[in-house]
K.L.:
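Handing you this structure, nothing more for now.
The figures that follow rest on heavy atoms only: side chains count, while hydrogens, waters and symmetry mates do not.
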Amino acid sequence: ITLKPNGKIMASGGNNFGQLGDGTNDNKNTYVEVDKLNLSISTTAAKTGTNMTVDGSLEESDWGIVSDVNKVVSGTTNNTVKFGVLWDTTYLYVGIEVLDNELFHDSNKESDDDSVEIYIDGNNEHDKNYDSNDRQFIKRWNDPALFEQNGNTTGVLHGWAAIPGGYSAEIAVPWSNLGITPATGMTIGFSVGCNDDDDGGNGEGQAVWAGTANNDKDTSAFGDVVLGEESIPTPTPSPTPIGLEAHYLFDEGSGTILK
């Protein structure tokens, strides 16, 4: 990467995931202008080898629900929301925990009730409009259904569960649904939102991890998820003996030797 005197950023090299920011996925042997520089926040999705049960409970030890959803983009919200992301060769998994003492499901529109939203920019273009690789899913509290703005729910697994002080939600999106093939190191555009309804009727507000109140139509401000490697559990070491004790019998009598 180099910076020209006129302020333009130039880059070259591998570009199979669009990482050079020139709007293509072609490798470059010469410098090209970076016209889609993305300075968004990012998180890493660990690759899981666990047979995941998608029921909203988030009981698998692989989950790390640590990323905060606290950027208020509409109204007001008093929820505490965290999420985590995992992946394997079949699914992208998203788990969300919401702490909220006032939960409502009484509206025709999912986003007017307590619910979580998952935004995916499958080809990581960060464009102003959705295309065929982009999704907006909404999972509402106490609702067996799943909403996607264009009805693209084929093969998607989902669930929610009650937890102390709120609820959790889980969704597994097949890579085939997004029309992409995953690989370690790949980056996709991504965000999570949480809608808060404290008194019924219309919701009070929305917070997101990354982006704006227009995440449902504009992917340009999404954050990034990088598909990481599978984490290998650290083996528990065996206790180290403090000392060795041996007993010997001599002609003169018995004795003990410590080593």
K.L.:
Would you mind listing the cluster partners of Val208? Hydrophobic ones only (ILVMFWY), side-chain contacts under 4.5 Å, chaining allowed.
P.N.:
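Besides Val208, the cluster holds Val73.
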
K.L.:
Can you tell which of Leu103, Val69, Val116 makes a side chain to side chain contact (heavy atoms under 4.5 Å, CB included) with Val98?
P.N.:
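Checked Leu103, Val69, Val116 against Val98; only one passes side chain to side chain contact (heavy atoms under 4.5 Å, CB included): Val116.
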
K.L.:
Should Leu146 and Val94 be counted in the same cluster of Ile, Leu, Val, Met, Phe, Trp and Tyr side chains packed under 4.5 Å apart?
P.N.:
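Linked, Leu146 and Val94 end up in one cluster.
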
K.L.:
Going by the rule side chain to side chain donor-acceptor pair (under 3.5 Å), which residues pair with Asp218 if we only count those two or more places apart in sequence or in a different chain?
P.N.:
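Checked Asp218 against side chain to side chain donor-acceptor pair (under 3.5 Å); matches are Ser220.
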
K.L.:
State yes or no: do Trp209 and Ile65 share one hydrophobic cluster built from I, L, V, M, F, W and Y residues joined by side-chain heavy-atom distances below 4.5 Å, directly or via other members?
P.N.:
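No, separate clusters.
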
K.L.:
Quick one: does any side-chain atom of Ser67 pair with a main-chain N or O of Gly84 as donor and acceptor, under 3.5 Å?
P.N.:
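Here the side-chain-to-backbone pair does not exist.
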
K.L.:
Tell me the closest heavy-atom pair linking His105 and Asn142, and the distance in Å.
P.N.:
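Reported closest heavy-atom pair: ND1-O, 2.9 Å.
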
K.L.:
Do the non-hydrogen side-chain atoms of Trp63 and Phe83 ever get within less than 4.5 Å of each other?
P.N.:
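Of all side-chain heavy-atom pairs linking Phe83 with Trp63, none is under 4.5 Å.
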
K.L.:
How far apart are the closest heavy atoms of Ala45 and Val225, and which atoms are they?
P.N.:
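That closest heavy-atom pairing would be CB-CG1, 3.7 Å.
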
K.L.:
Any donor and acceptor pair, going by atom type alone, linking the side chain of Asn215 with main-chain N or O of Ala210 inside 3.5 Å?
P.N.:
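Here the side-chain-to-backbone pair exists.
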
K.L.:
Looking at every heavy atom in both Met186 and Thr181, which two are closest together, and how far apart are they?
P.N.:
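Heavy atoms of Met186 and Thr181 come nearest at CE-O, 2.8 Å.
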
K.L.:
Can you name the residues that form a ring-ring contact (aromatic ring centres under 6.0 Å, His included) with Trp87, not counting sequence neighbours?
P.N.:
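For Trp87, no residue satisfies ring-ring contact (aromatic ring centres under 6.0 Å, His included) once neighbours in sequence are set aside.
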
K.L.:
List for me each residue that meets side chain to side chain donor-acceptor pair (under 3.5 Å) alongside Asp131, sequence neighbours excluded, and say none if there are none.
P.N.:
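Applying side chain to side chain donor-acceptor pair (under 3.5 Å) to Asp131 gives Asn123.
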
K.L.:
Determine whether a donor-acceptor pair (N or O, by modelled atom type, separation under 3.5 Å) exists between the side chain of Thr50 and the backbone of Met52.
P.N.:
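Pair absent, no side-chain N/O of Thr50 close to backbone of Met52.
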
K.L.:
Apply side chain to side chain contact (heavy atoms under 4.5 Å, CB included) to Lys109 and list each qualifying residue two or more places apart in sequence or on a separate chain.
P.N.:
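Partners of Lys109 by the side chain to side chain contact (heavy atoms under 4.5 Å, CB included) criterion, ordered by chain and then number, come out as Ser111, Asp112.
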
K.L.:
Hey, are the side chains of Lys47 and Glu229 touching, using non-hydrogen atoms and a 4.5 Å cut-off?
P.N.:
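No, too far: nothing below the 4.5 Å cut-off.
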
K.L.:
How long is the straight-line distance from CG of Asn101 back to CG of Asn78, given to the nearest 0.5 Å?
P.N.:
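Going from the CG atom of Asn78 to the CG atom of Asn101 covers 8.5 Å.
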
K.L.:
Quick check for you: to the nearest 0.5 Å, what is the distance between Glu97 atom CD and Leu58 atom CG?
P.N.:
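Nearest 0.5 Å value for the CD-CG distance: 5.5 Å.
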
K.L.:
My understanding is that only residues two or more places apart in sequence, or in another chain, count here; which of them pass side chain to side chain donor-acceptor pair (under 3.5 Å) with Thr77?
P.N.:
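Result, side chain to side chain donor-acceptor pair (under 3.5 Å) vs Thr77: Asp196.
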
K.L.:
Kindly compute the distance separating OG1 (Thr187) from CG (Asn124), expressed to the nearest 0.5 Å.
P.N.:
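Thr187 OG1 to Asn124 CG: 6.0 Å, rounded to 0.5 Å.
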
K.L.:
Consider only side-chain N and O atoms of Asp224 and His126, and report whether a donor and an acceptor are under 3.5 Å apart.
P.N.:
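Result is yes, a qualifying pair exists.
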
K.L.:
Run the side chain to side chain contact (heavy atoms under 4.5 Å, CB included) test against Thr219 and tell me which residues pass, sequence neighbours left out.
P.N.:
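Checked Thr219 against side chain to side chain contact (heavy atoms under 4.5 Å, CB included); matches are Asp121, Asp127, Tyr130, Asp134, Phe222.
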
K.L.:
Among residues two or more places apart or on two chains, list those pairs meeting salt bridge (charged side-chain N to carboxylate O under 4.0 Å, His left out) that have a residue in residues 177-188.
P.N.:
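Pairs touching residues 177-188 that pass the test: none.
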
K.L.:
For the residue pair Asp114 and Tyr167, what are the closest heavy atoms and their distance?
P.N.:
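Closest approach of Asp114 to Tyr167: C-OH, 3.7 Å.
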
K.L.:
Extract all donor-acceptor atom pairs below 3.5 Å that involve side chains of residues 170-177 and protein atoms in other chains or at least two apart in sequence.
P.N.:
| residue | atom | partner | partner atom | Å |
| --- | --- | --- | --- | --- |
| Glu170 | OE1 | Asp55 | N | 3.2 |
| Glu170 | OE1 | Gly56 | N | 2.9 |
| Trp175 | NE1 | Asp88 | O | 2.9 |
| Trp175 | NE1 | Tyr91 | O | 3.2 |
| Asn177 | OD1 | Arg135 | NE | 2.8 |
| Asn177 | OD1 | Arg135 | NH2 | 3.4 |
| Asn177 | ND2 | Asn152 | O | 3.3 |
| Asn177 | ND2 | Thr154 | O | 3.0 |

K.L.:
Run the side chain to side chain donor-acceptor pair (under 3.5 Å) test against Glu102 and tell me which residues pass, sequence neighbours left out.
P.N.:
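With neighbours one apart ignored, the set is empty.
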
K.L.:
Which pairs count as salt bridge (charged side-chain N to carboxylate O under 4.0 Å, His left out) when at least one residue sits in residues 139-155, sequence neighbours excluded?
P.N.:
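Sorted result for residues 139-155: Asp113-Arg140, Arg140-Asp143.
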
K.L.:
Determine the minimum heavy-atom distance between Gly185 and Val226, stating which atoms define it.
P.N.:
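Closest approach of Gly185 to Val226: O-CG1, 4.2 Å.
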
K.L.:
For the CG atom on Asn51, are there more than 12 heavy atoms of other groups (residues, nucleotides or ligands in this structure) within a distance under 6.0 Å?
P.N.:
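Check fails, neighbour count at 12 or below.
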
K.L.:
Kindly indicate whether the side chain of Tyr93, heavy atoms from C-beta on, has any atom under 4.5 Å from the side chain of Asp62.
P.N.:
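Counting from C-beta outward, Tyr93 and Asp62 never come under 4.5 Å.
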
K.L.:
Using the rule that Ile, Leu, Val, Met, Phe, Trp and Tyr join whenever any side-chain heavy atoms are under 4.5 Å apart, tell me whether Leu86 and Leu227 fall into a single cluster.
P.N.:
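Looking at the clustering, Leu227 is in a separate group from Leu86.
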
K.L.:
So, do Glu59 and Thr53 sit near enough that their side-chain heavy atoms are less than 4.5 Å apart?
P.N.:
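In short, these two side chains do not touch, never coming nearer than 4.5 Å.
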
K.L.:
Other residues, nucleotides and ligands only: do more than 12 of their heavy atoms fall within 6.0 Å of CG on Asn29?
P.N.:
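Result for CG/Asn29: open.
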
K.L.:
Would a 4.5 Å heavy-atom cut-off, applied to side chains only, mark Tyr119 and Val192 as touching?
P.N.:
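No, too far: nothing below the 4.5 Å cut-off.
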
K.L.:
With a 4.5 Å limit on heavy-atom distance, are the side chains of Ser115 and Ile138 in contact?
P.N.:
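SC-SC contact between Ser115 and Ile138 confirmed.
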
K.L.:
Between Asn70 and Val81, is any pair of side-chain heavy atoms under 4.5 Å apart?
P.N.:
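Answer no - side chains too far apart.
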
K.L.:
Sequence neighbours left out, what pairs pass salt bridge (charged side-chain N to carboxylate O under 4.0 Å, His left out) with at least one residue falling in residues 64-83?
P.N.:
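Pairs touching residues 64-83 that pass the test: Asp68-Lys82.
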
K.L.:
Verify whether one side chain among Gln206 and Asn195 offers a donor that lies under 3.5 Å from an acceptor in the other.
P.N.:
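Checked: Gln206/Asn195 side chains pair up, N/O donor to acceptor below 3.5 Å.
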
K.L.:
Test of understanding: clusters of I, L, V, M, F, W, Y form through side-chain heavy atoms closer than 4.5 Å, transitively. Do Phe104 and Ile163 belong to the same one?
P.N.:
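Each belongs to a different hydrophobic cluster.
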
K.L.:
Minimum heavy-atom separation for Asp197 and Asn202, please, with both atom names.
P.N.:
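Where Asp197 meets Asn202 most closely, the heavy atoms are OD1-O, 3.6 Å.
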
K.L.:
Side-chain heavy atoms nearer than 4.5 Å, only ILVMFWY residues, links allowed to pass through others: does that put Ile118 and Phe147 together?
P.N.:
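In one cluster: no.
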
